[in-house]
Colleague: 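Structure provided below as structure tokens; questions to follow.
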Amino acid sequence: MYLGLDLGTSGVKALLMDGGQNVIGSGHGALEVSRPHSGWSEQDPADWIRATEEAVGELKSKHATELAAVKGIGLSGQMHGATLLDERDQVLRPCILWNDTRSHAEAAKLDADPRFRKITGNIVFPGFTAPKLAWVKNNEPAVFAKVRWVLLPKDYLRLWLTGEHMSEMSDSAGTSWLDVAARKWSPELLATTDLEERQMPGLVEGTEQAGSLRSELASRWGMNASVVVAGGAGDNAASACGMGTVRPGHAFVSLGTSGVLFAANGSYLPNPESAVHTFCHALPNAWHQMGVILSATDSLNWLSEITGKEARGLTDELGEALKTPSGVTFLPYLSGERTPHNDAAIRGAFAGLGHQSSRAVLTQAVVEGVAFAFRDSQQALHQAGTELSRVTAIGGGSRSRYWLKSIATALQIPVDIPADGDFGAAFGAARLGLIAAENADPYEVCAAPATAETIEPDAKLGGAYAHAYERYRALYPAIKGVS
């Protein structure tokens, strides 16, 4: 048996699979985000441990015998979070999360240093880890002075699981401190934020061993000794392993809290000017590109809170057949935007509202706005030299057929729905746990699932969607600086 632990923004998922990659069961522990100020987004790392205990405890209550047979654990997690520890591994402050934009001024200053884009292959986004440390130094100097370790969220979980300060390439590529081509920390970039390599965790590939489960936890969870903990991956690279998106030309669209258009690459292909992320993959000698939007299903969740109707109920109101865009446009910039704008200050907007703009019209606009944000990412990937011929859909929002039809029509490429199964980040993490424990071939283990159905673009609405997209594109410069 192999266990995948995925530390997401809204919860921890524990997924158990057997050697044949059949999912045996899963457990969940809920998490909440603290937003004490506008643009801030934080979590207490103690809650990650609590949620992991709950998730594994739920698994144990139903599958204790199978859990006892676990040989390998893989980790996945939300990227970029700054978890700061002192000499005694005590947490110094709440973790600053990936969608926190307080460090936009520090990010702009670091990005103005040409070494960052040259060495990392990426813009220094406000959500990345390095500018967060610069913000802490500027605003919480007493905390900064005590920093002994800077860990990413899943790697703090690893510290609790194994006692090891370790990370891997895919997650570390999102810090702005990694030499992404050479797959190692850059002392030069660390020095610009007054840090040293000794304050960074050790690095392995996601498929390699990065510790063993502590005997105390193994005993509590009913496992044997010597359970291998793999390097794992950042959430998107882990999802790619779960989907089998590991060979050049393969791509997926993730419709989760944030949205990701992900393409696997066999070589390092940076193009930071397009605001595309170019990161290491979880597999050795592989990289990937991503277009990232910060509020995907979060946009629908926001509308759900405003209207008092569940998100699924909102999309159900739209029916089955794709509708012609109504003229109401939604910009999903609720917490800024990454690709293609790299704008932490921009905020969302509705445009074109009228007396006849019903709840369903607003829902349709939100769905289309997120689809058009993916179109922006598709254009950015094109500028970075990557052409997509089709994508596979994952994430909670992919349960909405209407949303997938909208995305297929906006991108003008087919969207594949995988056959029944769980192919997300927790499954990818479990696959990495299997590879590390058994020294298995990564490409054989990370096979793509069968396709249950393909959603083609709506040919009749292609022109209307293209027109609506142009209206969407024109709105960003119109509201920039006044939103």
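The structure displayed is predicted, hence computed values, not measured ones.
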Colleague: May I have the step-by-step check of side chain to side chain donor-acceptor pair (under 3.5 Å) for Q78 and Q43, ending in yes or no?
Modeller: CA-CA 12 Å; Q78 47 169 301; Q43 283 179 332; 3.1 Å; yes

Colleague: Return the orientation label for the H80 and F128 ring planes: parallel under 30°, perpendicular over 60°, tilted otherwise.
Modeller: parallel

Colleague: OG of S176 to CG of L189: how many Å apart, nearest 0.5 Å?
Modeller: 8.0 Å

Colleague: For G291 versus T339, what's the shortest heavy-atom pair and its separation?
Modeller: CA-OG1, 3.6 Å

Colleague: Any idea which heavy atoms bring I413 and L388 closest together, and the distance?
Modeller: CG2-O, 3.7 Å

Colleague: Under a 4.0 Å N-O cut-off, is there an ion pair linking D416 with R390?
Modeller: yes

Colleague: Quick check against the 3.5 Å criterion: does T207 have a side-chain atom that pairs as donor or acceptor with the backbone of L283?
Modeller: no

Colleague: Is it the case that the ring center of H250 lies less than 6.0 angstrom away from the ring center of F262?
Modeller: no

Colleague: Just wondering, do M223 and L213 contact through their side chains at under 4.5 Å, heavy atoms?
Modeller: yes

Colleague: Evaluate the side-chain proximity of L7 to L31: yes if any heavy-atom separation is below 4.5 Å, no if none is.
Modeller: yes

Colleague: Anything under 30° is parallel, anything over 60° is perpendicular, the rest tilted; go ahead and classify H281 against H288.
Modeller: perpendicular

Colleague: Would you kindly say whether E53 and W221 are connected by a side-chain donor-acceptor distance under 3.5 Å?
Modeller: yes

Colleague: I'd like to know if R183 and E205 make a salt bridge, using a cut-off of under 4.0 Å between side-chain N and carboxylate O.
Modeller: yes

Colleague: Any sub-3.5 Å donor-acceptor pair from S170's side-chain atoms to A233's backbone N or O?
Modeller: no

Colleague: As an exercise, state the distance from OH of Y268 to CH2 of W287, rounded to the nearest 0.5 Å.
Modeller: 9.5 Å

Colleague: Would you call T245 and T392 a side-chain contact if the rule is heavy atoms closer than 4.5 Å?
Modeller: no

Colleague: Considering all heavy atoms of both residues, which atom of W160 and which atom of R220 are nearest to each other, and what is their separation?
Modeller: CZ2-NH1, 4.4 Å

Colleague: Please report the shortest heavy-atom distance between V292 and R338, naming the atom on each side.
Modeller: O-CB, 3.3 Å

Colleague: Are any non-hydrogen side-chain atoms of L217 and R214 less than 4.5 angstrom apart?
Modeller: yes

Colleague: Work out which heavy atom in V204 is nearest to a heavy atom in G231; give both atom names and the distance.
Modeller: CG2-CA, 3.9 Å

Colleague: Using side chain to side chain contact (heavy atoms under 4.5 Å, CB included), reason through I417 and S398 one step at a time and then give a plain yes or no.
Modeller: CA-CA 8 Å; I417 301 174; S398 67; over 6 Å; no

Colleague: Between N122 (side chain) and T120 (backbone), is there a donor-acceptor pair under 3.5 Å?
Modeller: yes

Colleague: Yes or no on side chain to side chain contact (heavy atoms under 4.5 Å, CB included) for S103 and I96, after CA distance, side-chain angles and deciding distance?
Modeller: CA-CA 10 Å; S103 61; I96 307 175; over 6 Å; no

Colleague: For a side-chain contact (heavy atoms from CB on, under 4.5 Å) with L84, tell me which candidate from R148, Q90, R93 qualifies.
Modeller: R93

Colleague: Does the side chain of Q21 pick up a donor-acceptor pair with the side chain of R431 at under 3.5 Å?
Modeller: yes

Colleague: For a side chain to side chain donor-acceptor pair (under 3.5 Å) check, start with the C-alpha distance between Q289 and T386, then their side-chain angles and the critical distance, and finish with the verdict.
Modeller: CA-CA 9 Å; Q289 294 169 319; T386 295; 2.3 Å; yes

Colleague: State whether a side-chain donor-acceptor pair under 3.5 Å links S41 with W98.
Modeller: no

Colleague: Might you work through the salt bridge (Lys or Arg N to Asp or Glu O under 4.0 Å) test for E42 and R102, ending with a clear yes or no?
Modeller: CA-CA 11 Å; E42 300 182 338; R102 77 184 73 176; 2.7 Å; yes

Colleague: Give a yes or no on whether D441 atom CG has more than 12 heavy-atom contacts from other residues, nucleotides or ligands under 6.0 Å away.
Modeller: yes

Colleague: Tell me, with the steps shown, if M79 and D235 meet side chain to side chain contact (heavy atoms under 4.5 Å, CB included).
Modeller: CA-CA 7 Å; M79 297 179 68; D235 50 7; 3.6 Å; yes

Colleague: Just do the salt bridge (Lys or Arg N to Asp or Glu O under 4.0 Å) check on K132 and D100 with the steps written out, would you?
Modeller: CA-CA 9 Å; K132 292 169 182 168; D100 187 293; over 6 Å; no

Colleague: Atom CG in L110, atom CH2 in W177: separation rounded to 0.5 Å?
Modeller: 9.5 Å

Colleague: Would you check if the side chain of E58 reaches a backbone N or O of H28 as a donor-acceptor pair within less than 3.5 Å?
Modeller: yes

Colleague: Under 6.0 Å from the six-membered ring centre of W40 and within 45° of its axis: does the NZ or CZ of R35 meet both?
Modeller: no

Colleague: Using a 3.5 Å distance criterion without hydrogens, assess whether the side chain of N271 forms a donor-acceptor pair with backbone atoms of V276.
Modeller: no

Colleague: Tell me if a side-chain donor or acceptor on N265 pairs with a main-chain N or O of S267 at a distance below 3.5 Å.
Modeller: no

Colleague: Quick check for you: to the nearest 0.5 Å, what is the distance between K62 atom NZ and L67 atom CG?
Modeller: 13.0 Å

Colleague: Decide yes or no on side chain to side chain contact (heavy atoms under 4.5 Å, CB included) for H341 and Y333, but give the supporting numbers first.
Modeller: CA-CA 10 Å; H341 303 304; Y333 308 145; 3.3 Å; yes

Colleague: Would you say E32 has more than 12 foreign heavy atoms packed within less than 6.0 Å of its CD?
Modeller: no

Colleague: Would you check if the side chain of S295 reaches a backbone N or O of D298 as a donor-acceptor pair within less than 3.5 Å?
Modeller: no

Colleague: Could you check whether any side-chain heavy atom of P45 comes within less than 4.5 Å of a side-chain heavy atom of T83, counting everything from C-beta outward?
Modeller: yes

Colleague: When rounded to the nearest 0.5 angstrom, what distance separates CG in L432 from CZ in F427?
Modeller: 10.5 Å

Colleague: Side-chain contact test, heavy atoms from C-beta onward, threshold under 4.5 Å: evaluate it for L195 versus L133 and give yes or no.
Modeller: yes

Colleague: Please examine the side chains of P414 and T454, heavy atoms only from C-beta on, and report whether any two atoms are closer than 4.5 Å.
Modeller: yes

Colleague: Under the side chain to side chain donor-acceptor pair (under 3.5 Å) criterion, do S167 and D155 qualify, and how do the steps go?
Modeller: CA-CA 6 Å; S167 190; D155 299 321; 2.6 Å; yes

Colleague: Give me the atom names and distance for the closest heavy-atom approach of L152 to S172.
Modeller: CD1-N, 3.9 Å

Colleague: Measuring only between side-chain heavy atoms, which start at C-beta, is C446 closer than 4.5 Å to I435?
Modeller: yes

Colleague: For C280, which of N285, L203, L178 qualifies under side-chain contact (heavy atoms from CB on, under 4.5 Å)?
Modeller: L178

Colleague: I'd like to know if K154 pairs up with E168 as an ion pair, taking the criterion as any Lys NZ or Arg NE/NH1/NH2 lying under 4.0 Å from an Asp or Glu carboxylate oxygen.
Modeller: yes

Colleague: Salt bridge or not between E164 and R158? Use side-chain N to carboxylate O under 4.0 Å.
Modeller: no

